[in-house]
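The structure presented is a predicted model; accordingly, all values stated were derived computationally and were not measured. FYI, side chains are in, hydrogens and waters are out, and symmetry mates aren't considered; it's all heavy atoms of this structure.
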Amino acid sequence: MRTDLAEEFGIQYPIFAFTPSKAVAAAVTRAGGMGVLGAVRYNDPAELDEVLDWMDANTDGKPYGVDVVMPNKVPTEGSSVDLGAMIPDEHRGFVNRVLDDLGVPPLGDDDDENAGVLGWLHSVAQSHVDVALRHRPVLIANALGSPPVEVISQAHDAGLKVAALAGSTKHALAHAENGVDIVIAQGGEAGGHTGEVATMVLVPEILRALDGRAPVLAAGGIGDGTQVAAVVGMGAQGAWMGSRWLTAAEYADDGGSQAMQKALLAATSRDTVRSRIYSGKPARLLKSKWTDAWAADDAPEPLPMPLQNLLVAEAHQRISAAQDPEVVAMPAGQIIGSLDGIVPVADTMAQIVAEYSAAVERLRASLA
């Protein structure tokens, strides 16, 4: 299970695992892939610095990555207090009514209120890059298009490669033009921010368009080794996988919601919805009573990024604390229908490798 890009990074398997959990990211790296830690939730750079200290100490000297969120268009800047003043009362009232209707309790007196995610403000994302470069990741990935050219140069000067997600050939070509090293072709099946074109269609399109200008990783709808084999067969240099790790045992031990994992294990591949209610940009989420409420006729239009996440930040915190599997606010891709248990990362990696090998053998036999 080798590709040129895996060889270049010095990893055993071309499996790149995006995750908000430091424990999962480190476990994937130790198991031979590359864990990529999502940094967007760290409003305080000092907290990210502490987490990356932990990553440095718990990855056995093996390579890992950091994922930031820098939109192509810099959204409105400001503190959470400043930006909060821009949220309409209608939206606040709607959120409160929905939470009451769903029986989601208020936070306890000892709970610190979540200020919301500011990581998609350019200034905060830049601080994430600055912090990352003080540690030893080998990859900076950007979830919302090409980072600014100066950020790409900053990473290159430090010896890091830069990856960016693309949902179209137009995006992929722009990434290559801007100096991005790796294009992640993410199909619409993926969880989180995603486009509409399916991975099976998008990956070959982007490979043809780039024509070797940059290596391509495939993302979206990839949850097992047969799917990894399929995209490598298309010409991708590996797989970028996110939703598969949401039910990792390490995630549960690292603060992951038990209710969320229970909901994921009960879901089918049809139980996701693409909506702007999470961040203000289209993102695929696990379908729940929370997403249903936002799809109702009386729901207001979601606000633009970053206001929408500030609006729902406390709601997400209350939902997480309530631990109700029917009321979940979580990005998730369509592969959740194949998740079948709380499994340690090392076991999942071994399964993916075995499935990949079996798929390759089937292909080899078909040529006999």
Side-chain angles (χ1 to χ4, degrees), residues 2-11 14-18 34 36 38-40 63 65-74 120 122 125-126 128-129 132-133 137-190 192-222 228 230-242 281-282:
R2 307 292 289 174
T3 65
D4 291 343
L5 189 62
E7 295 276 359
E8 189 172 349
F9 278 123
I11 58 178
I15 304 296
F16 296 76
F18 167 79
M34 184 186 294
V36 182
V40 70
V66 174
D67 180 275
V68 300
V69 178
M70 283 187 165
N72 281 322
K73 296 179 180 178
V74 178
W120 24 57
H122 176 81
Q126 178 65 61
H128 293 161
V129 174
L133 296 184
V138 298
L139 177 70
I140 294 288
N142 188 36
L144 287 178
S146 298
V149 173
E150 58 270 21
V151 172
I152 297 174
S153 298
Q154 183 185 8
H156 286 167
D157 289 346
L160 278 69
K161 290 196 176 293
V162 177
L165 273 70
S168 69
T169 55
K170 178 182 177 181
H171 296 156
L173 290 169
H175 295 346
E177 182 67 26
N178 289 338
V180 166
D181 303 291
I182 302 163
V183 173
I184 303 167
Q186 178 169 274
E189 304 98 317
H193 297 113
T194 190
E196 300 181 39
V197 180
T199 302
M200 186 67 75
V201 175
L202 182 66
V203 172
E205 281 187 350
I206 285 181
L207 283 163
R208 285 193 295 269
L210 289 176
D211 194 23
R213 293 174 63 185
V216 173
L217 295 175
I222 303 173
V228 177
V231 297
V232 170
M234 292 180 197
Q237 286 289 306
W240 179 273
M241 301 167 67
K281 287 185 175 290

Starting from the C-alpha separation in whole Å, work towards a yes-or-no answer on side-chain contact (heavy atoms from CB on, under 4.5 Å) for Asn142 and Asp67.
CA-CA 6 Å; Asn142 188 36; Asp67 180 275; over 6 Å; no

Check: [X] side chain, [Y] main-chain N or O, donor-acceptor pair, under 3.5 Å:
X      : Y      : result
Asp181 : Val162 : yes
Gln237 : Ile182 : no
His175 : Leu165 : yes

Closest heavy-atom pair and its distance - [X], [Y]:
X      : Y      : value
Gly145 : Ala164 : O-CB, 3.6 Å
Ala236 : Leu207 : N-CD1, 3.9 Å
Thr3   : Pro14  : OG1-CB, 3.7 Å
Gly220 : Ala190 : CA-CB, 3.6 Å
His128 : Ala39  : CE1-O, 3.1 Å
Ala166 : Ala172 : CB-N, 3.8 Å

Between [Y] and [X], is there a side-chain heavy-atom distance shorter than 4.5 Å?
X      : Y      : result
Leu5   : Leu217 : yes
Pro63  : Ile11  : yes
Val68  : Gln126 : no
Val201 : Glu205 : yes
Gln154 : Leu133 : yes
Val180 : Ile152 : yes
Met241 : Val228 : yes

Met200, CE atom: more than 12 neighbouring heavy atoms under 6.0 Å
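Incorrect, the count does not exceed 12.
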
With sequence neighbours excluded, what pairs up with Glu8 under the salt bridge (charged side-chain N to carboxylate O under 4.0 Å, His left out) test?
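If we apply the salt bridge (charged side-chain N to carboxylate O under 4.0 Å, His left out) test to Glu8, skipping adjacent residues, the hits are Lys161.
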
Evaluate the ring planes of Phe18 and Trp240, with Trp represented by its six-membered ring, and classify them as parallel (under 30°), tilted (30 to 60°) or perpendicular (over 60°).
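Plane angle under 30°, so parallel.
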
Going by atom types alone, do Glu189 and Thr199 pair a side-chain donor with an acceptor below 3.5 Å?
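Their side chains do contain a donor-acceptor pair, which is all the 3.5 Å distance test asks for.
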
Can His156 and Ser153 be counted as having a side-chain donor-acceptor contact under 3.5 angstrom?
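No.
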
Nearest 0.5 Å, please: how far is [atom2] in [Y] from [atom1] in [X]?
X      : Y      : atom1 : atom2 : value
His171 : Ile184 : NE2   : CD1   : 14.0 Å
Gln186 : His193 : CD    : NE2   : 10.0 Å
Thr169 : Leu202 : OG1   : CG    : 8.0 Å

Go through Leu139 and Val66 one step at a time and tell me if the side-chain contact (heavy atoms from CB on, under 4.5 Å) criterion holds.
CA-CA 6 Å; Leu139 177 70; Val66 174; over 6 Å; no

Using side-chain contact (heavy atoms from CB on, under 4.5 Å), reason through Val138 and Leu160 one step at a time and then give a plain yes or no.
CA-CA 5 Å; Val138 298; Leu160 278 69; 5.5 Å; no

Result of checking Leu144, Val129, Ile140 against Met70 for side chain to side chain contact (heavy atoms under 4.5 Å, CB included)
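Filter result, single survivor: Val129.
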
